[in-house]
Amino acid sequence: KAIIVETHNRSRGYVDETAEMTMTLITKHGDDTKHTFTYQSVEIENNENKSILLVTNSEDIKGTALLTYNDKVNMDEQWLYIPAIKRVTKINEANSSGSFAGSEFSYEDLTSHAVGKYSYKWLKNASYGGIPCFVVQLTPQSGQSGYSKIEKWIDKDAFRVMKINYYDKKRTNIKTLTVGKYRSYRGFIWRAATVTMTNHLNGQTTQLNWE
């Protein structure tokens with residue numbers, strides 16, 4: 001647990017941020033679809049934050065928006081605006097495992113892994129891409145989670161998340177998230193330029209590129 005607490009502490013203090021993001025959905029045959037987003041996030045009290053994703057360019061989902069309130073103890077709250085029907089839908093625990101914008105990211109994947117929502121187990125120390133890492137298992141406290149467990153690979157030096165394995169209720173590794181091209185802002189805030197989610201069941205991949 002101490003490793004996870006330190007990881008969260010290292011990500012605090014950014015106050016607010018804005019980014020441009022391209023999401024590329026890649027089928028197992030190599031065909032791709034792109035959506036462009038703006039992303040904004042702001043820290044609030046009690047180590048919590050609010051963020052919004054807004055689709056600014058897309059053939060079919062332009063104007064879609066996802067608002068997320070990351071709570072450090074209780075369930076994160078999310079609201080999805082669908083422009084085609086001009087309606088806001090609240091995402092609850094029962095449907096949080098659904099796909100966001102047809103991607104390999106679920107709504108649950110786009111929330112925080114707040115410390116109080118999991119139990120923890122250190123698994124091993126291992127190297128990822130030549131970087132020494134801690135490998136830590138997170139077990140969701142909520143029975144509504146889409147996962148039985150999550151494995152995080154966290155680099156020992158800067159406590160950056162390098163890789164995440166997601167396991168379904170049958171304890172099968174169904175997805176893997178890999179993170180690359182970290183950049184440092186203001187000397188202590190690390191942000192990844194590339195995040196890739198690979199679905200091992202359908203062979204599809206979603207890549208996020210951040211600016």
Side-chain angles (χ1 to χ4, degrees), residues 1-19 21 39-53 66-78 91 93 96-97 100 105-129 131-167 175-197 208 210:
K1 184 176 179 179
I3 297 169
I4 298 297
V5 170
E6 182 64 20
T7 302
H8 279 268
N9 288 342
R10 295 289 184 102
S11 67
R12 291 167 52 191
Y14 69 89
V15 184
D16 59 67
E17 62 182 326
T18 301
M21 179 180 71
Y39 169 80
Q40 293 178 293
S41 178
V42 60
E43 288 184 311
I44 52 180
E45 60 184 8
N46 300 321
N47 301 329
E48 298 169 356
N49 65 71
K50 292 181 179 179
S51 64
I52 188 164
L53 281 168
L66 179 68
L67 175 65
T68 301
Y69 166 47
N70 288 316
D71 190 301
K72 69 176 183 178
V73 176
N74 301 311
M75 176 192 170
D76 294 330
E77 295 186 275
Q78 292 178 300
I91 307 299
E93 282 190 294
S96 64
S97 60
F100 171 67
F105 288 86
S106 69
Y107 295 101
E108 182 177 356
D109 297 337
L110 300 175
T111 62
S112 69
H113 288 166
V115 176
K117 300 174 186 177
Y118 300 85
S119 59
Y120 301 92
K121 180 182 179 181
W122 172 84
L123 298 177
K124 61 183 178 179
N125 293 332
S127 178
Y128 177 74
I131 299 174
C133 294
F134 302 110
V135 184
V136 180
Q137 178 180 295
L138 288 69
T139 302
Q141 301 280 27
S142 171
Q144 294 292 325
S145 172
Y147 306 114
S148 61
K149 63 178 181 176
I150 298 168
E151 290 177 355
K152 282 193 175 185
W153 296 58
I154 300 167
D155 91 75
K156 292 184 176 182
D157 180 39
F159 288 83
R160 300 169 300 183
V161 175
M162 307 303 295
K163 181 172 79 166
I164 305 176
N165 288 325
Y166 297 88
Y167 294 79
K175 296 193 300 187
T176 297
L177 181 143
T178 53
V179 182
K181 299 181 181 178
Y182 269 106
R183 300 168 180 166
S184 176
Y185 297 87
R186 303 213 307 266
F188 71 101
I189 298 295
W190 289 95
R191 291 292 182 266
T194 304
V195 179
T196 302
M197 183 73 85
L208 303 178
W210 300 76

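Note that the coordinates shown come from a computational prediction; the quantities given were computed from them, not determined experimentally. Computation of the quantities below employed the complete heavy-atom set of this structure, encompassing side-chain atoms and omitting hydrogens, waters and symmetry-equivalent molecules.
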> Got a second to check how far I150's CD1 is from K175's NZ, nearest 0.5 Å?
Replying inline: 9.5 Å

> Taking atom CG of L208 and atom CG of L177, what is their separation to the nearest 0.5 Å?
Replying inline: 8.0 Å

>> Could you walk me through whether T7 and V161 satisfy the side chain to side chain contact (heavy atoms under 4.5 Å, CB included) test, starting with their C-alpha distance in whole Å, then the side-chain angles of each, then the deciding distance to 0.1 Å, before giving a yes or no?
In response: CA-CA 8 Å; T7 302; V161 175; 4.3 Å; yes

>> Between Q40 and T18, is there a side-chain heavy-atom distance shorter than 4.5 Å?
In response: yes

> Do W210 and Y39 have ring centres separated by under 6.0 Å?
Replying inline: yes

> So how far is it from L66 CG to I91 CD1, rounded to the nearest 0.5 Å?
Replying inline: 7.0 Å

> Is the count of non-hydrogen atoms from other residues, nucleotides or ligands lying under 6.0 Å from D157 atom CG greater than 12?
Replying inline: no

>> Aromatic contact between F105 and F100, with the criterion being ring centroids under 6.0 Å apart: yes or no?
In response: no

>> Before you tell me yes or no, could you show the steps for M162 and V179 under side chain to side chain contact (heavy atoms under 4.5 Å, CB included), namely the whole-Å CA-CA distance, both residues' side-chain angles and the distance that decides it to 0.1 Å?
In response: CA-CA 5 Å; M162 307 303 295; V179 182; 5.7 Å; no

> At their closest point, which heavy atom of G180 faces which heavy atom of A192, and how far apart are they?
Replying inline: O-CB, 3.7 Å

> Between S106 and Y147, is a side chain to side chain contact (heavy atoms under 4.5 Å, CB included) present by the stated rule, with each step listed?
Replying inline: CA-CA 11 Å; S106 69; Y147 306 114; 3.6 Å; yes

>> So Y185 and R191, do their side chains get closer than 4.5 Å, heavy atoms only?
In response: yes

> What heavy-atom pair brings L138 and V136 nearest, and what distance separates the two atoms?
Replying inline: CD1-O, 3.7 Å

> Considering only heavy atoms from C-beta outward, does the side chain of S142 approach that of K117 to under 4.5 Å?
Replying inline: no

> What is the minimum heavy-atom distance between A158 and D155, and which atoms define it?
Replying inline: N-OD1, 2.7 Å

>> Checking E6 now: which residues fulfil salt bridge (charged side-chain N to carboxylate O under 4.0 Å, His left out) with it, not counting sequence neighbours?
In response: R10

>> Just verifying a value: how many Å separate K152 NZ and Q137 CD, rounded to the nearest 0.5 Å?
In response: 13.0 Å

> Under 6.0 Å from the NZ atom of K121, do we count more than 12 heavy atoms belonging to anything else shown?
Replying inline: no

> Looking at V42 and Y14, what are the two nearest heavy atoms and their distance?
Replying inline: C-OH, 3.9 Å

> Do I164 and W153 have side-chain heavy atoms sitting under 4.5 Å apart?
Replying inline: no

> Does the side chain of E151 reach to within under 4.5 Å of the side chain of Y167, using non-hydrogen atoms?
Replying inline: yes

> Listed by chain and number, what are the salt bridge (charged side-chain N to carboxylate O under 4.0 Å, His left out) partners of R186, not counting sequence neighbours?
Replying inline: none

> Can you name the closest pair of heavy atoms from T111 and E108 and give their distance?
Replying inline: OG1-O, 2.7 Å

> Tell me, do Y69 and Q78 make a side-chain contact under 4.5 Å, heavy atoms counted?
Replying inline: no

>> Could you measure the distance from the CG atom of N70 to the OG atom of S51? Nearest 0.5 Å is fine.
In response: 5.5 Å

> S119 and Q141: side chain to side chain contact (heavy atoms under 4.5 Å, CB included), yes or no, with the steps?
Replying inline: CA-CA 7 Å; S119 59; Q141 301 280 27; 4.2 Å; yes

> Okay, side chain of S11, backbone of H8: is any donor-acceptor separation there less than 3.5 Å?
Replying inline: yes

> Any side-chain heavy-atom pair from D109 and M197 closer than 4.5 angstrom?
Replying inline: yes

> Do I154 and R160 come within less than 4.5 Å of each other through their side chains, counting heavy atoms only?
Replying inline: no

>> Can you tell me how far apart CD (E17) and CG (N49) are? Round to the nearest 0.5 Å.
In response: 8.5 Å

> Is the cationic atom of K1 (NZ for Lys, CZ for Arg) positioned less than 6.0 Å from the six-membered ring centroid of Y120 and within 45 degrees of its normal?
Replying inline: no

>> Taking the basic N atoms (NZ, or NE/NH1/NH2) and the acidic carboxylate oxygens, is any pair closer than 4.0 Å for K50 and E43?
In response: no

